[in-house]
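One structure is given below, encoded as structure tokens.
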Amino acid sequence: MEEKSRDFIREIIDADLAAGKHTEIVTRFPPEPNGYLHIGHAKSIFTNFGIAEEYGGRCNLRFDDTNPVKEDTEFVEAIKNDVKWLGFTWSSLHFASDYFDRMYLLAEQLITMGLAYVCDLSSEEVRAYRGTLTESGRNSPYRERTVEENLDLFRRMKAGEFSEGSRTLRAKIDMTSPTMCLRDPAMYRILHKTHHRTGNSWCIYPMYDFAHCLEDSTEGITHSLCTLEFEVNRPLYDWYLEKLDIFRSRQIEFARLNLSYTVVSKRYLRKLVEEHYVSGWDDPRMPTLSGLRRRGVPASAINNFCSVIGLAKRNSTVDIALLEHSIREQLNRTAPRVMSVLDPVKLLIENYPEDKTEYFDYVVNPEDDSAGTRATPFTRELYIEQDDFMENPPKKFFRMTPGREVRLRYAYLVTCTGVTKNDDGEITEIRCAYDPESKGGNAPDGRKVRGTLHWVSANHSFPAEVRLYDRLFNTENPMNTENGADFTSSLNPDSLNTAMNCRMENHMKNREPGFTCQFERKGYFCIDPDSTPEKMVFNRTITLRESWAKLKGKKK
RNA sequence: UGGGGCGUCGUCAAAUGGCAAGACACAGGGUUUUGGUCCCUGCAUUUGGAGGUUCGAAUCCUCCCGCCCCAGCCA
């Protein structure tokens, strides 16, 4: 059985189950439809859906759409799509706005119980009456209105008789409470705004604290999992459910995900999009689920990452290397291998017949025997990677260099015989001689050949665009800037480099956007939706681990 | 300086009074027709600090220190 230790939430659930509190575990993922989902949400999705699945229970998808000024249906569809992509199926789909009638009735009930009142204080006045962290607040002058008056006023609020912001419905709790949210929190505010689902049928909208616990309770959510910042709101969550005497959902808070070299906050991601630092919510550099998907990150890698980082209450920042590891691990197992030359230079094999074409067996995926082999054409004129050749190489460089023998993967051993340069001194062509006895790349006498190069046949390849992505930010904590500078000052100017003249093997021609593969020795890539049959576009998902790059860096 | 939380390796994170897991990162070595993968090895005598209880403490007690959250008619 599973040796893995349980996190504190599963321990609580186990205890609740043991105590006979529930017969079925019900959770929910409750996004506000005001932006796109990001990797932080993936953690919430993974735990909410994951726990429900594990306990044989249910998990709902619920849109927390109680604020019409921020929300939009555009986001609803995108969010549903992202949740499905991660591989989860909601038990049922809900909208907080579907419960507006019920919430309204429960609000009236609280008024009737003498536990809520209509307050005419302006927002500034409310703030002044609220007190501070160390001084208690004062009662609103409207606090002692009669039930009848409150009911009448609240109904007229609903009917649209009052202007926006002129009144609120407040819970009557305790203005002296050291817990700020218990100082007569607002339950309803007046907002003469069109809601994306209810249109103009409402002009009063419930506040989060009042709405959320009712949504959970209504759906029979047994464990309402949310992030740490809601910990201080829990007394209020419990207060509403207790006073109304309805199903008691239990709120449990866990630490939200922070990732190094990344910004995970809707507000800042929105800024990146709106001010065009990136091409959109699904820009492959964005930590949004749509961005990661377009980048070529498999859903399985994200889920694996979520399981590896664990669940706890302490604030932490996960090293992005952990995510990168999950991505490589997944892709290594599944991605077919391809030889593509990103920065081509011509390689001429002088002693190879001009009109000859040979085909070599190419292992599609060494990690997956069932992927089989493919025939790859080899001719006299090839392309190789420019940085696989150096005229004056440093120590430990064991690629091509004048006079040295290297292997052309799966084909032959070749020895560099010279180079051709243009007037600017740039290398336009590398020349070499092959050993006909080394067919397949095997040294006939067992001589050692350290370097192995990838290549494509000039006449059996086509040009394509490749977008080389790197981290969006240069600093570990982009929010931590020098003397108050904006977080955009942490942006990595080299997060995107576009290579326009890459050479692809011909068999890549018919592949569709989303197709993922490994360009050998280079990294994992996928076909971008911008791709057309005339001009294919690839995204680099992530490089391979590069001990050579590390070595180079050290020498410098 | 009110209230609510949290401090275990560089980064995540277990251990629930009985010899401080694991992963990532890092370092070294081996295999290799990808400088990839894979495989070995090393990496906290000590758990924010100081006392105390105990045969025995990361776990219990006391005091101290540090960090996070709350003063929206946002969620």
Side-chain angles (χ1 to χ4, degrees), chain A residues 3-7 11 30-32 34 64 66-67 69-71 119 121-123 126-128 130-137 164-170 176-183 185-191 204-205 207-209 211-212 226-235 253 255 257 260 266 308-326 328-329 332-333 337 339 363 366-367 396-399 407-411 413 440-443 449-454 476 518-523 543-552:
Chain A
E3 279 295 304
K4 205 189 165 194
S5 62
R6 327 219 76 201
D7 54 76
E11 276 174 5
E32 182 187 13
N34 69 343
D64 207 359
T66 57
N67 186 352
V69 317
K70 291 180 156 186
E71 297 147 7
C119 182
L121 255 25
S122 69
S123 56
V126 167
R127 194 182 317 133
R130 185 156 33 224
T132 67
L133 294 180
T134 51
E135 308 156 41
S136 68
E164 202 162 297
S166 62
R167 284 182 166 83
T168 53
L169 180 72
R170 293 225 259 164
T176 70
S177 173
T179 302
M180 296 302 287
C181 73
L182 257 22
R183 321 242 265 224
M187 293 168 58
Y188 271 91
R189 75 285 213 185
I190 299 171
L191 246 28
I204 56 171
Y205 292 92
M207 299 289 294
Y208 168 83
D209 287 303
H212 203 89
C226 62
T227 46
L228 249 30
E229 66 269 25
F230 293 102
E231 204 156 24
V232 291
N233 299 50
R234 195 172 64 229
E253 313 83 12
L257 170 67
S260 61
K266 254 189 242 179
V308 160
I309 58 174
L311 244 199
K313 290 195 73 155
R314 84 181 75 109
N315 290 313
S316 60
T317 300
V318 175
D319 189 338
I320 194 161
L322 231 50
L323 208 214
E324 294 174 342
H325 177 260
S326 287
R328 290 194 180 102
E329 189 179 47
N332 176 52
R333 284 206 301 265
R337 316 280 130 125
M339 290 202 284
V363 177
E367 310 296 320
K396 294 210 175 176
F397 179 90
F398 43 80
R399 277 117 92 149
R407 172 184 299 108
L408 293 176
R409 189 156 156 98
Y410 296 122
L413 301 180
N442 302 300
V449 177
R450 190 70 197 274
T452 299
L453 273 44
H454 61 102
E476 215 170 301
Q518 182 194 106
F519 290 174
E520 284 209 55
R521 302 209 301 138
K522 285 294 165 188
T543 61
L544 258 25
R545 285 184 70 214
E546 297 171 288
S547 46
W548 166 242
K550 225 175 274 173
L551 240 188
K552 264 196 307 192

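All chains are named by letter (A, B, ...) in the order of the sequence lines, taking the proteins before the strands, and each is independently numbered beginning at 1.
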Q.
Does the structure show a Watson-Crick or G-U wobble partner for B:rU11, both distances under 3.5 Å? Name it, or say none.
A.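 Base partner found: B:rA23.
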Q | Counterpart base for B:rG66, defined by Watson-Crick or G-U wobble contacts under 3.5 Å | A |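 The answer is B:rC6, by the H-bond criterion.
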Going by modelled atom types, is there a donor-acceptor pair between the base of [N] and the side chain of [X] at under 3.5 Å?
{"X": "A:Arg450", "N": "B:rU32", "value": "no"}
{"X": "A:Arg328", "N": "B:rG36", "value": "no"}
{"X": "A:Arg337", "N": "B:rU34", "value": "yes"}

Does [X] place a side-chain N or O at less than 4.0 Å from the phosphate oxygens OP1/OP2 of [N]?
{"X": "A:Arg189", "N": "B:rA75", "result": "yes"}
{"X": "A:Arg314", "N": "B:rG5", "result": "no"}
{"X": "A:Ser547", "N": "B:rG36", "result": "yes"}
{"X": "A:Arg234", "N": "B:rG4", "result": "no"}
{"X": "A:His325", "N": "B:rC24", "result": "yes"}
{"X": "A:Ser123", "N": "B:rG72", "result": "no"}

Out of [options], whichever nucleotide has its closest atom nearest the side chain of [X]:
{"X": "A:Phe230", "options": "B:rA75, B:rA71, B:rG3", "answer": "B:rA75"}
{"X": "A:Glu367", "options": "B:rC74, B:rU37, B:rC68", "answer": "B:rU37"}
{"X": "A:Arg545", "options": "B:rG36, B:rG4, B:rC6", "answer": "B:rG36"}
{"X": "A:Arg127", "options": "B:rC24, B:rC12, B:rA71", "answer": "B:rA71"}
{"X": "A:Thr452", "options": "B:rU34, B:rC24, B:rG5", "answer": "B:rU34"}
{"X": "A:Ser316", "options": "B:rC12, B:rA75, B:rG5", "answer": "B:rC12"}
{"X": "A:Lys396", "options": "B:rG5, B:rG35, B:rA71", "answer": "B:rG35"}
{"X": "A:Asp319", "options": "B:rA71, B:rG36, B:rU11", "answer": "B:rU11"}
{"X": "A:Glu229", "options": "B:rC73, B:rC69, B:rC70", "answer": "B:rC69"}
{"X": "A:Leu544", "options": "B:rG3, B:rU34, B:rU37", "answer": "B:rU34"}

Q: For nucleotides B:rU31 and B:rC26, find the distance between their P atoms and express it as a whole number of Å.
A: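 The same atom, P, in both gives a distance of 22 Å.
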Close side-chain approach of [X] and [Y], heavy atoms under 4.5 Å:
{"X": "A:Pro185", "Y": "A:Met207", "answer": "no"}
{"X": "A:Leu453", "Y": "A:Arg407", "answer": "no"}
{"X": "A:His325", "Y": "A:Val308", "answer": "no"}

Q) Where do A:Arg409 and A:Glu520 land on the salt bridge (charged side-chain N to carboxylate O under 4.0 Å, His left out) test, with the steps shown first? A) CA-CA 10 Å; A:Arg409 189 156 156 98; A:Glu520 284 209 55; 2.9 Å; yes
Q: Could you state the atom-to-atom distance from CG of A:Leu228 to P of B:rC67 in whole Å?
A: 17 Å
(Q) I need the CG-C1' distance between A:Leu323 and B:rA23, as an integer number of Å. (A)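 Spelled out: CG on A:Leu323 to C1' on B:rA23 is 14 Å.
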Q | pi-stack flag for A:Trp548 and B:rG35, centroid dist under 5.5 Å, interplanar under 30° | A |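 Stacked: centres under 5.5 Å apart, planes under 30°.
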Q) Taking O4'-C1'-N9-C4 for purines and O4'-C1'-N1-C2 for pyrimidines, is B:rG42 syn (within 90° of 0) or anti? A)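 Anti conformation for B:rG42.
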Q: For A:Arg183 and A:Ser177, indicate whether the former's side chain and the latter's backbone hold a donor-acceptor pair under 3.5 Å.
A: yes
